[in-house]
Structure formats: C-alpha cells, structure tokens
Amino acid sequence: MRRRNWSIRSRIVALVLPPMFMFVTYWLIGMMASGIASVNLLNAEEARTGVLDPGATVVTELQRERQLSAATIAGRGDAPAGLREQRTRTDAAVADYGRRATNADGVSDRAATRVAESVTAFDSLGATRATVDTTLPERVAALADYDRLVDAVFRVYQPLMELDDPEATRLLRASVHVAAAREQLARQDAILTLGRFTAAEQSQFNRATGARRQLLAEASTELDGAARTGFSELASSTELVALETLENRATAPTPAEWSAVRGPADRRMRAFEADLNGWLAERVDTVSTLWYWRFGLAAVVGLVAIVLTIAITLRVGSSLIRRLRGLRSAALDHALVRLPGVVRRLRHGEPVDLAAEAPELEFGTDEIGEVGRAFSAAQRTAVESAVQEAQVRRGLNEVFLNIARRSQTLLHRQLTLLDRMERRTTDPQELEDLFRIDHMATRMRRHAEDLVILAGAAPGRGWREPVPLVDVVRGAVSEVEDYTRVEIRTIPEASLSGRAVTDLIHLLAELIENATSFSPPHTKVNVVGQLVPNGFAVEVEDRGLGMSEPELADANARLRQPPEFDPTNSARLGLFVVALLAARLGAQVTLRQSPFGGVTAVVLVPPDLVVTEPVAVSVGVEAVAALPAPPPEIVKPASGPEPLDQLRGPTPLDRPVGGPTEPLAELTEDGLPRRVRRSAPQPAADATDEPVARRSPEQTRAMMSAFQSASTRGRRDAAAEPEQET
C-alpha cells in the first residue's frame, strides 16, 4: 500500500505510534532494570544464606579438623579422640553444604559450577584422612590437602561477590577477604602445631603470614565510612599488633607464645567479619527496599504517563480526524451534491440562493479552519461561476434561438416565394432549378431547427390535423441531400398526429441523411414503415461499414437517455438532436447491426400519436407550404416495390403547379411529377377554338385540395385568427 493512499487515521497512527512504542519500550527497560537489580540483590541474599553460610561452616570445621590432624601427626596423646569427633562434625557440615549450596536459589551458572567442583573435591577427604592416620605421614603434604579443600570453598565465593550495588559488593569482598585472612591464620596455627619447625614448615608459615597481611590490606581498600573506621580499629588493635610483633621476630614463636596471641587475634578478626556481614545485610535490605520503591514508582509513573499519552493522543487524533473528515464530507457534498444540483437547477431556469448553497464552513481558527474558509471561498466562487455560466448559456441559447427564429422566418418566406415562382414557371429547366433551390432551402430550414432544438425550444412549424404517414416519410426524404438513393418500401395507410409531424420529419431526416452519408454512393437506403402493437415502427437501413458492438451500445445509451449538450463535441450533433426529438415525442430509437453489414435504425412511435381511422384532409395553404417540396425527379428501379401512388391518398405534397390550367406532368414510379423540358409557352387559344381537355383524377384531386386549403385560410383570415407560422 502506497503511503499517498493512506487515510488520515492511518497517517496519525503512523505519526504517534513510533514515539509511543519507544516510550513504552524505555519504560519496560527501566522496569526490567529495576526489577533485575532488586532480584539480583535478593538472589545475593539467598546465595549468602544458601552458599556462604554453609560454606563458612565447612571452612570452620575443616580448620578444626586440620588443627587436630596436625596435633595427631605431632604425636599429641589426646588428639586422635578429638579428631574422630571432629571428622563426624566435618562430614555433617560437608553434607549440609552440598545439599544447601546445590539447591540454593539465585546462584549464577558460574557459581553453580564452582559449587559442583567444591562438592566433588570433598570426595578426596577420605584419602586425606587416611594419610593422616598413617604412622609416618608427610607433614606439610597432609596439611596441604586440607588447604586445597578450603580453597575450593573460597573459589565458590568469587562469582557471588558481584552485586548490582557497588557498596554492597565492596562489603561482601571485604568480608570474604577477612575470612580468607582468618584461614591463613589457621594455617599458621596448624604448621606450628606440628611441633618441629623445619625449613619447609618455616617457608610455609611465612607464606601464610604474607598472604594474611595481603588479604587484610585488600579488604581495607574495599571499605569506606564506618567500615573503614572499623578496619582501622582492627588493624591497630592490641591483638593484631601482638600477633604481628610475634611474627616479626627472627626466631620462630613457641607454641605457648603463639597460643597466647593467636586466639585473641582470631576472635578480633571474626568479630570484624561479623560486623562486615551485618553491614552487608543492612545495605542489601536498604538497597532492595530502594529498588523496590524505584520499581513501583517507575511502574506507576510510567503507567500513568502511558495512559495520559494515549488519552491525549486519542483525543487530539480524534479531534483532527473528526474535523478533517468533516471538511472532506463538506467538500464531497459540495462537489458531488450541491454544485451539480445548482448547475441542474440553473439549467432548468430555477432560482438559486448563493448563501444557502455555499454556506461558510466553520472548523476552528487553526490551519484546518483556514483550509475550511479557503474551501468556502472556492465553493462560493464555483457556485458564482456556475450561475454566471448558466446565465451565459441561457444568453447563448436565446441568441441561438433568436438567430434560428429569424433564419426560419426568412426560410419560410423564401419557400413561399419559391412556391409561387414554381407555380408561375413553365420552363422545365428553370422549374428544375427552382425545385433544387426549394430542396436546399428545406434542408437549411432543418439545420436551423437544430439550433432551436439545441436551445431547448420547439420548432415553429406544425399541423393541426393528422398527416398521412407516407407524406411524413416523404417529407423526411425530401430534406436529405442524396434523396435519389432512398427507397421507400412500405408505408401503412395511417396518419400521424399533427403535433408530432415536425419532430418526426426532422428525426427521420437526420437518420436517413446519416445513412446516406455513411454508406457507399452506389448503394440504396431502404425505409420501411409498419404498424406494430406498440405504435408505428420505421426502419432506416443502410449498407455501409456498420458500427462495432461497443459503439452501438454507446449510441443506444445516448439515444435512450439524452446527455447534456456539450458544444465541444460537435461530431455527434445529429445523434444528440435525434435523442432530444425522440425524448420529446416519447419515441424509442434503436440502432442495430444490419444483415447486409450496415446499420438499421428503428424508430418506434408511440400509439397515441398514430391515427389509423380515415381522416378528412383539411390542411391549410400554409401547411402545404411548410411540407418540403418534392424533388423534381426520383427514378425508382424497375424491380422496386409497389408504386407509392397506389399506397397513398390525398396529400399536401401533391400540390398543383401554378400557371394556366393544363394537365399535370406524368408521374414517376414513386408517384412524383416528372418535369419535361419544353419551349416557352404559346398564347392561349380561344376557348371556342379547342375543346377543354378532360382532367385526370389526380388533377381533380389536387385542384380540390388546393381549393379547400385556400378556403380554409380565407375563413381563418376573416375571423382574425392568429396564423401559425414556421
């Protein structure tokens, strides 16, 4: 999905979600850090009680067993009995250490590995005891086995000395260092207990002395505050001063001298170690409580901040989304509903209230409000432009209608004048030229009527009485330029309501002219009419190139529902005029493929416009002049259908030609007069010289029709009735 297609909600969510996610992430990290620190301190306390305490007990018992073992090796009589009891206590301490240290909680993997190694190291305790029980053991080697077991326990302490609180870590390290210093003091005591002080034992004694002092010095570097003060008191105490003084003598101390200073010094260091452990426990409790408070405070504050952030984000985002959606809805309502409605009402001539159709959009005073006000201004401008455009369109329609009316008036007068000239002219050549001019004027009148129709008005010419359908079809044919290619096959003996004659003639003329224009010049255009249950159907069939199915579908859609007139699309002007005429008549016009490859246009006139009963023809002279003049000569092929003069009755098209009373020229196969070139007329002979020629039925019919029309017009003029003009 491309970002430009994101909705406003998606964009706001995308804008707010990343910082919100980062904020929650940092909050969770802080919570985890506080929680981990608290858990680590708790784990350190559990490790101290689960590993350090039983480990200290094991170290103490091993020190006692080592002391008694040294006394046994030295040959002291009471030592073996006490050694057996000590070994029992040592085994109990080792078993308790193995159980508690192995199952202690909060022990890291590294510390657990060291615990397992120390428990495994105790398996060699039996061999060490067996060595002690021999008569001649290696003195220093026997004691070294106990030293290795104690060192294994002290190695467990190293992974446990790293805590999350620096001060607690320093206290724990200092405590372990003091415990290790006491172990070195115990080793010194065991060496002196052996009795003899060989060079090897002297070296071992001196090494233990240096290690003890180094451990105490390292412990001092870890301490500050009260702990540092306590260590200073330890270092300057009489017990440690006496011990160091004895150790600094050049000669080895005697057992009595050593016992006098060793015990007090050990107790003083044990007391300081206990103080360190107390301070450590207090610090762990304080820091744990502090971390718990931090954890809780961070949780509460972070949660409140998250809730407030989400609430503010939702409120601000919802407000933005609501306002933007309102602006979008207003814009869409204007673009899709209001403005088209205004244009539609303006085209129908209805009044429009600009204030109601272009209301002010109120969306605040910020940028969104400014956009709303800008859109309101654009909306008002668009409505005003639509009103002005409608006024311009109405003015253009009035101009077109005025020009068309004037042209129609002039063309009507021209046709009337041509009719009189045709009646006076006897020269065949001039009469043929007049007929052509009459035909072109008739076509010009139809094109002028196009402007009237496009302007939304009705043509001026019309009939009061029904007109035979054959005359209507012939009138449409006479308005086509290439009328000689049109063949009227069959027309039923019925009439068309006078109010629909003009529109149907115009509609059929457009379809027939389109058929002649888009078909080869050597082909014919067939026109067939018949009465059907739904009215009167006229088929106009050409044999041109035809149209594709999509083009037919588009044209039929336009014919069913006339679109708005677009002056820029003048290529389909005839189709637009046909659609308007069909809509005004209530007729249906359908285009379909012809079996001959061209297009067949079917016009279905509704039955309320068709008159099937015989009617008396009482068309006035002006109606006769309004119908198109017949072409001078239409030659029908010999193989054509039944002659039309056998299908029609009296018709205004069979109007008499002016001049002397002479028989009409012979008719063609289509029932139209055939003009013959001849010389100028001779003076009329006396009525007594030649007998009067007999009139044919057609002549009599035409004369009576003209007489009836003139009489009707005379009565109308006498009654001062308004004359209907074209």
Taken to the nearest 0.5 Å, the spacing of Gln86 CD from Leu68 CG works out to 6.0 Å
Taken in chain and number order and not counting sequence neighbours, the residues that satisfy side chain to side chain donor-acceptor pair (under 3.5 Å) with Glu167 are Arg283
| task | Using atom types as modelled and distance alone, determine if a side-chain donor or acceptor of Glu222 lies under 3.5 Å from a backbone N or O of Leu171. | result | no
The side chain to side chain donor-acceptor pair (under 3.5 Å) partners of Thr169 (sequence neighbours excluded) come to none
Report task. Flag the pair Glu85 / Thr88 as yes when at least one side-chain heavy-atom distance between them is below 4.5 Å, and no otherwise. Result -> no
Side-chain donor-acceptor contact under 3.5 Å, Glu218 with Gln214: yes
Sorted by chain and number, sequence neighbours left out, ring-ring contact (aromatic ring centres under 6.0 Å, His included) with Tyr157 holds for Phe154
Looking only at heavy atoms, the pair that brings Val115 and Thr102 closest together is CG1-N, 4.0 Å
| query | Would you say the side-chain atoms of Ser319 pair up with the backbone N or O of Arg315, donor to acceptor, closer than 3.5 Å? | reply | no
Close side-chain approach of Trp279 and Leu223, heavy atoms under 4.5 Å: no
Note to self: A side-chain contact here means heavy atoms from C-beta on lying under 4.5 Å apart; do Leu125 and Asp91 qualify?
What the structure shows: yes
For Arg228 and Thr221 the tightest heavy-atom approach is NH1-CA, 4.4 Å
Hits for salt bridge (Lys or Arg N to Asp or Glu O under 4.0 Å) against Arg249, two or more places apart or cross-chain, chain-then-number order -> Glu257
task: Would you check if there is a donor-acceptor pair between the side chains of Gln204 and Arg207 at a distance under 3.5 Å?
output: yes
Residue set satisfying side chain to side chain donor-acceptor pair (under 3.5 Å) with Gln63, at least two apart, ordered chain then number -> Glu183
Residue set satisfying ring-ring contact (aromatic ring centres under 6.0 Å, His included) with Trp258, at least two apart, ordered chain then number -> Phe205
- Does Tyr146 reach the side chain of Thr128, with side-chain heavy atoms less than 4.5 Å apart? yes
Test side chain to side chain contact (heavy atoms under 4.5 Å, CB included) on Val94 and Leu149 and set out the steps.
-> CA-CA 11 Å; Val94 169; Leu149 294 177; over 6 Å; no
**Q.** Pair Arg66-Asp147, side chain to side chain contact (heavy atoms under 4.5 Å, CB included): steps then yes or no
**A.** CA-CA 9 Å; Arg66 182 178 53 192; Asp147 297 344; 2.5 Å; yes
Arg99 meets the side chain to side chain donor-acceptor pair (under 3.5 Å) criterion, sequence neighbours left out, with Asp96
Would you list the atom pairs, donor with acceptor, under 3.5 Å between side chains in residues 266-276 and any protein atom, with sequence neighbours excluded?
residue : atom : partner : partner atom : Å
Asp266  : OD1  : Arg182  : NE           : 3.4
Arg268  : NH1  : Glu239  : OE1          : 3.4
Glu273  : OE1  : Arg182  : NH1          : 3.2

Scanning both residues in full, the closest heavy-atom pair of Leu234 with Ser237 reads O-OG, 2.6 Å
CG of Leu240 to CG of Leu216, rounded to nearest 0.5 Å, is 7.0 Å
Residue pairs meeting salt bridge (Lys or Arg N to Asp or Glu O under 4.0 Å), one or both in residues 150-161, sequence neighbours left out, come to Asp151-Arg187
- prompt: Does atom CD of Glu282 have more than 12 heavy-atom neighbours, drawn from other residues, nucleotides or ligands, at distances under 6.0 Å?
  reply: no
ring-ring contact (aromatic ring centres under 6.0 Å, His included) pairs touching residues 163-192, sequence neighbours excluded, are none
Determine whether Arg64 and Gln67 satisfy the following criterion, side-chain hydrogen bond (donor to acceptor under 3.5 Å, both in side chains), listing intermediate values before the conclusion.
CA-CA 5 Å; Arg64 292 174 180 175; Gln67 182 70 22; over 6 Å; no
Heavy-atom closest pair (Tyr97 atom, Ser118 atom, distance to 0.1 Å) is OH-OG, 2.9 Å
Taking every heavy atom of Thr57 against every heavy atom of Ala93, the minimum-distance pair comes out as CG2-CB, 4.1 Å
For Arg213, the salt bridge (Lys or Arg N to Asp or Glu O under 4.0 Å) test, sequence neighbours excluded, returns Glu247
Here the pair of heavy atoms bringing Pro264 nearest to Ser259 is CD-O, 4.4 Å
Okay, side chain of Thr381, backbone of Ala377: is any donor-acceptor separation there less than 3.5 Å?
-> yes
Taking it one step at a time, do Arg170 and Asp224 satisfy salt bridge (Lys or Arg N to Asp or Glu O under 4.0 Å)? CA-CA 9 Å; Arg170 291 194 297 270; Asp224 56 4; 3.5 Å; yes
- Task: Check step by step if side chain to side chain contact (heavy atoms under 4.5 Å, CB included) holds for Glu117 and Thr120.
- Result: CA-CA 5 Å; Glu117 292 176 354; Thr120 303; 5.7 Å; no
Heavy-atom distance under 4.5 Å between the side chains of Leu143 and Leu194, does that happen here?
yes
- prompt: Is there a side-chain contact between Leu83 and Ser69 (heavy atoms, below 4.5 Å)?
  reply: yes
Over 12 foreign heavy atoms within 6.0 Å of CG, Asp109:
no
Item to complete: May I ask you to test the Leu308-Val304 pair for a side-chain heavy-atom distance under 4.5 Å?
Response: yes
Would you call Thr245 and Val261 a side-chain contact if the rule is heavy atoms closer than 4.5 Å?
no
Residues at least two apart in sequence or cross-chain that pass salt bridge (Lys or Arg N to Asp or Glu O under 4.0 Å) with Arg87, listed by chain then number, are Glu65, Asp133
Distance col, row Thr209:OG1 vs Leu243:CG, nearest 0.5 angstrom, shows 7.5 Å
